[in-house]
Amino acid sequence: MSARINIRWRAVVRHRWRLLAGCLLIALHQACEAVVPIVIGETVDLAVATGSPARLITWIGLLCGLYLLLTTAYRNGARQLMRALAEESHALRLEVAAKVLDPRAEVRTGDVLTISTTDADHASYLLDYVPRIVGALVATAVSAVGLCLISVPLGLVVLIGTPLVLIALQRAAPGITRRVATRQEVAGRASSLATDLVTGLRPLRGIGAQEAADARYREVSDESLRATLAAARTQGVFLAASNSVSTLLAGGIAILAGWFALTGRISPGELITVIGLAAFLTEPFGALSAAPSWIATARASADRIAELLGSTPAPPPTGTPPIRPAAGECLGVVAETDAATIVQLYDDGSPDVLVAPHHPELFSGTIRDNIVLAADHELAEALRASAADDVVRAHPEGLDHSIAERGSALSGGQRQRLALARALLARPKLLVLHDPTTAVDAVTEHAIARGIRDLRHGPGSGLGTLIVTTSPALLAVTDRVVVLRDGRIVATGTHASLAALDPAYRAAVLR
């Protein structure tokens, strides 16, 4: 594991100017909101109570200007923040995608889904939470100052009560973080299992394992439901408690102000101001009370993203390929151990080498999209050599037949043939194939073996093909076969000679 990336701090730094502008504008909006009840109270005491039309017009004009300012500040501040939020969410998705596209990365499909969607959104919401908290603090401070000017005890209720409430509520944040992280992790497992089951539906039906698969998914789904309910319950209790406390605090201020008005300690206009501020304070109090839950959710998602981005992919196999075919040679390799590792040794990034993996990857789109456009005669030859022309003919739309994500609606043999056609069509100088026919029948396998030979090793082609396999049909069309044990060459010869003279080779290959 490499050094963990601080996703939250990086988001703040990456969007610091938009975040700063947004915080200032939202703070200005909240300050103006807090001043509105004060202006209304002053209007009552200085204009309405004195019966002065000129003062009334002046104060009403001031109130209109205040509304214009707070509306403009909010609109521009929200625009800055939403832009930063959208850009950060998009950037996180790109980083996650780049990480999981590394062929060495070991990431569950469900984790990719939840991390690139829910977690990316929750982590980027920090850019919305920060200005909300800043605005709530400014609103509370302005309200406290206004209350102190009217009555010091009223202002002290806000100045002392608010920090005490926030400190008490902050103690619940770690528990929320743990519950949210567990919910996301289990949801990722459920999504991964669902993807695997859909992809392997045909084999599951073939072996009659549908009920076992259903039971396994039900178990994981129930676990995900329990984790989701636990997280929702924790957050629900927290929000209920925070809203109750903030409402009680605001209500206490209003009740105390009513008592002061009855005893003549404050004027009618000041009472209106206090009641207005008490009603207004429920919003910033609610935001400050909910802030620990917001931050906990953002932290849990940011930690999951950081864990993925900071993970170290499995190192590629080291060493050099044990053998390479000569120009124009079709070479068979029988690897008694570590066949997949040996295949990876040839994947050195050279544009002249194409390594076609044993498990082919297809993408949503058409058959034509998956194979790549080419001249008609070249495409027809590649389809025929890989026996993928049967797959094309099996569908009325032909090459324009739609393929689901990962080719889930196709059989394993159809996926293998289309992937092989794609590899053959690329015409690399060296093509490395790893068991390209394990999911096809014997007749089709012989046709594919002959097709590979004819397409890549005609007169003067100069192309090399290396096939790592134990298929006798494929090995029979090679020029030479090399047997590897623990990465070392232990036998070499033609398929026919080895089959006749080497008992170990016969045991590994002939079936």
Problem set entry | Test item: I38 and I150 side chains (from C-beta on) under 4.5 Å apart, heavy atoms | no

For this session: Kindly compute the distance separating OG1 (T140) from CG (L288), expressed to the nearest 0.5 Å.
Result: 5.0 Å

For this session: Output yes when R368 and E397 qualify as a salt bridge under the 4.0 Å nitrogen-oxygen rule, no when they do not.
Result: no

Exercise. At what distance, to the nearest 0.5 angstrom, does CG of L68 lie from SG of C64?
Worked result: 9.0 Å

Problem set entry | Interatomic spacing from CG in L62 to CZ in R55 - rounded to 0.5 Å | 14.0 Å

Seminar exercise, completed: Output for pair (I295 CD1, L126 CG), nearest 0.5 Å, gives 5.5 Å

Exercise. How about L70 and L28: do any of their side-chain heavy atoms sit closer than 4.5 Å?
Worked result: no

Exercise. Taking side chain as C-beta onward, heavy atoms only, is V391 less than 4.5 Å from L418?
Worked result: yes

For this session: Could you tell me whether the side chain of L19 reaches within less than 4.5 Å of the side chain of V12, counting heavy atoms only?
Result: yes

For this session: For I403 and T366, run side-chain contact (heavy atoms from CB on, under 4.5 Å): C-alpha distance rounded to whole Å, both residues' side-chain angles, the deciding distance at 0.1 Å, then the answer.
Result: CA-CA 5 Å; I403 295 178; T366 65; over 6 Å; no

For this session: Kindly indicate whether the side chain of C23, heavy atoms from C-beta on, has any atom under 4.5 Å from the side chain of V130.
Result: yes

Problem set entry | For the student: nearest non-hydrogen atoms of V353 and Y346, plus distance | CG1-O, 3.5 Å

Exercise. At what distance, to the nearest 0.5 angstrom, does CZ of R10 lie from CG of L309?
Worked result: 6.5 Å

For this session: Over all heavy atoms of both residues, which pair between I26 and P131 is shortest? Give the atoms and the distance, please.
Result: CG2-O, 3.7 Å

Exercise. So do R422 and N370 actually touch side chain to side chain, heavy atoms under 4.5 Å?
Worked result: yes

Problem set entry | Smallest separation among heavy atoms of I367 and G398, with atom names | CD1-O, 3.6 Å

Exercise. With a 4.5 Å heavy-atom cut-off, do L92 and I305 have their side chains touching?
Worked result: yes

For this session: Search all heavy atoms of C32 against all heavy atoms of L66 and return the closest pair with its distance.
Result: O-CD2, 3.8 Å

For this session: Kindly indicate, with the supporting measurements, whether the criterion salt bridge (charged side-chain N to carboxylate O under 4.0 Å, His left out) is fulfilled by R14 and E95.
Result: CA-CA 14 Å; R14 186 151 57 186; E95 287 184 87; 3.7 Å; yes

For this session: Mind jotting down which residue pairs meet the salt bridge (Lys or Arg N to Asp or Glu O under 4.0 Å) criterion with at least one end in residues 120-129? Sequence neighbours excluded, please.
Result: R93-D121, D128-R132

Problem set entry | CA sep, side-chain torsions, deciding dist, call: L147, T273, side-chain contact (heavy atoms from CB on, under 4.5 Å) | CA-CA 8 Å; L147 291 172; T273 295; 5.8 Å; no

Exercise. Would you find more than 12 non-hydrogen atoms of other residues, nucleotides or ligands less than 6.0 Å from H395 atom NE2?
Worked result: yes

Problem set entry | Least distance between heavy atoms, A423 atom then A356 atom | CB-CB, 4.2 Å

Problem set entry | Verdict with supporting geometry, L46 and E42, side-chain contact (heavy atoms from CB on, under 4.5 Å) | CA-CA 6 Å; L46 299 180; E42 290 299 299; 3.4 Å; yes

Exercise. Are side-chain heavy atoms of T438 and Q416 found at a separation under 4.5 Å?
Worked result: yes

Problem set entry | Distance, nearest 0.5 Å, that separates CG of L85 from NE2 of H90 | 13.5 Å

Seminar exercise, completed: On a heavy-atom basis, the closest approach of Y129 and W294 is CE1-O, 3.5 Å

Exercise. So R18 and E87, side-chain contact (heavy atoms from CB on, under 4.5 Å) or not? Walk me through it.
Worked result: CA-CA 11 Å; R18 289 190 186 278; E87 289 180 353; 4.1 Å; yes

Exercise. Can you pull the ring-ring contact (aromatic ring centres under 6.0 Å, His included) pairs that have at least one residue in residues 64-84, sequence neighbours excluded?
Worked result: H29-Y74

For this session: Please check if any side-chain donor atom of S267 sits under 3.5 Å from a side-chain acceptor atom of D45, or the reverse.
Result: yes

For this session: Please check if the side chain of R79 supplies one atom and the backbone of N76 the other of a donor-acceptor pair under 3.5 Å.
Result: no

For this session: Would you confirm whether T58, through its side chain, and A54, through its main-chain N or O, come within 3.5 Å as a donor-acceptor pair?
Result: yes

